[in-house]
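Let me begin by presenting the structure, written as structure tokens, before commenting on it.
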Protein chains: 2
Amino acid sequence: MALAKDAQATRDRLVAAARAEFSRQGFERTTVREIAAAAGVNPALINRYFGGKERLFAEAVAIEIDFPDLSRTPRGDIGRALIRHFFARWDGGDGDDVLRVLIGTAATNDEGAARIRDILSGQIEPMVARATGSDRARERACLIATQILGLAYVRYVLALPDTDLPPETVSEAVGETIQRYLFAPLP
Amino acid sequence: MALAKDAQATRDRLVAAARAEFSRQGFERTTVREIAAAAGVNPALINRYFGGKERLFAEAVAIEIDFPDLSRTPRGDIGRALIRHFFARWDGGDGDDVLRVLIGTAATNDEGAARIRDILSGQIEPMVARATGSDRARERACLIATQILGLAYVRYVLALPDTDLPPETVSEAVGETIQRYLFAPLP
DNA sequence: GCCGCAGGTCAACAACTGTTTACATGAGGG
DNA sequence: CCCTCATGTAAACAGTTGTTGACCTGCGGC
């Protein structure tokens, strides 16, 4: 049963509200009072439960990318498959995906930038190494990051309409780019 | 001769200082007092000359991309040429290039995002139309924007070291991507 | 020499920030 | 039943923010 006083539920609602607000306005613009109001709780609880705005932010952007299983995907289709996966995940959009939060906040928040670097090293690079078996996985992962983050930036930060970047065009054109960054010989 | 009281010089120093500070810290984190201190002037002058922080920002991020003349570049080399141009421009780095300011601030500042969209419509898209003569210039311009902004984001916001993204790898791999976004058939 | 006024200073303002402190409340074990 | 302590509240704090209005300052024309 739902208790009137439930610490865990309050924490969860704060994290959810924080994600939404940070995503909409970035770290600096978002105030703890806004987050608390959106969560329907008292602002002081942010300090009680998380120890401050910074620590709540860190909690709100903890993320696992959970790549699709590519082991059965034909080599030639991996690029397209990756793009489709990201597309589905982002545009399925409950609107507060953490990666979107990060892209927006990393720009002015070192903690956020460090998080993205962690994802690059800890999740994208291993995925590339696994999928390609090639050396230079680091370089390839960075190239892929430029394209995927750029796509996310244009779509969600600049908020270009679908007509400017039709999903099928993106899947095809960007998918092939990823494919090349994965497998094409590097200079 | 340099006057002790020179309104134009003061304005210029304020804009320059604003660019540097906004670039380093983004719009929200930067205070008018910091900008004034960096410019060596009184904070009140920001309001006198620009009418507020927002308006100073708008002035600081006014930008002309000034593309290279591509009319004599062989069709097959345009992608590479563009990337080299941006690279030279960004990394030549007096450290306060306006496009870098914009990328960092647009994330949480609608005015900034609108500026980038203006550049896309007013400068990148016409350049694409001119260079390719193709229809679908808009789509191609957006695709190019994803790659170029993503590259800038990874290099300057995430601040990955040169060893992760060696310039020659970028020129080649990303150059070819731009080339494809310019000329390859779209689905 | 003096005066007007563009150019620059100074201190204060009101609003808002994250955080802390002291206090209320009510569910659940004894 | 009542006492306790996790949970939640309210108010205040100290600092910072962008902005403003009243006030100097000194160059250029008379």
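Just so it is clear: chains get the letters A, B, ... in the order the sequence lines come, proteins before strands, and each one is counted from 1.
- Each of D/dT20, C/dT21, D/dA12 was ranked by its minimum atom distance to the side chain of A/R33; first place goes to D/dA12.
- Considering only the side chain of A/T31, C/dG18 comes nearest among D/dG8, C/dT9, C/dG18.
- Taking atom OH on B/Y49 and atom C1' on D/dT19, their separation rounds to 17 Å, with Å as the unit.
- Taking the six-membered ring where the residue is Trp, A/F57 and A/F27 present perpendicular rings, their angle passing 60° and hence far from 30°.
- Taking atom CG of residue B/N47 and atom C1' of nucleotide D/dA22, one finds them 15 Å apart after rounding to whole Å.
- Taking atom CZ of B/R13 as the reference point, atom C1' of C/dG8 lies 12 Å away to the nearest angstrom.
- Taking only side-chain nitrogens and oxygens, B/N42 never comes nearer than 4.0 Å to OP1 or OP2 of C/dG8.
- Residues forming a side-chain contact (heavy atoms from CB on, under 4.5 Å) with A/R29 (at least two apart in sequence, or on another chain): A/Q25, B/E28, B/N109.
- Checking D/dA12, C/dG7, D/dG8 against every side-chain atom of B/R48, the shortest atom distance belongs to C/dG7.
- Closest to the B/V32 side chain, of the nucleotides D/dT7, C/dT19, D/dT19, is D/dT19.
- Within the 4.0 Å cut-off from OP1 or OP2 of D/dT7, not a single side-chain nitrogen or oxygen of A/T10 is found.
- Considering only side-chain atoms of B/K53, the nucleotide from D/dT20, D/dG18, D/dG8 that sits closest is D/dG18.
- When distances run from any side-chain atom of A/L45 to the nucleotides D/dT19, D/dG8, C/dT20, the shortest one goes to D/dG8.
- Nearest-nucleotide assignment on DNA chain C puts the 5′-proximal partner with B/A7, out of B/A7 and B/A44.
- Using a 4.0 Å heavy-atom cutoff across all strands shown, B/F50 reaches no nucleic acid atom at all.
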Inset, instruction - Decide yes or no on side chain to side chain contact (heavy atoms under 4.5 Å, CB included) for B/Y153 and A/I116, but give the supporting numbers first. - result: CA-CA 11 Å; B/Y153 189 91; A/I116 297 192; 3.8 Å; yes
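- The number of heavy atoms from other shown groups lying within 6.0 Å of CG (A/D162) is above 12.
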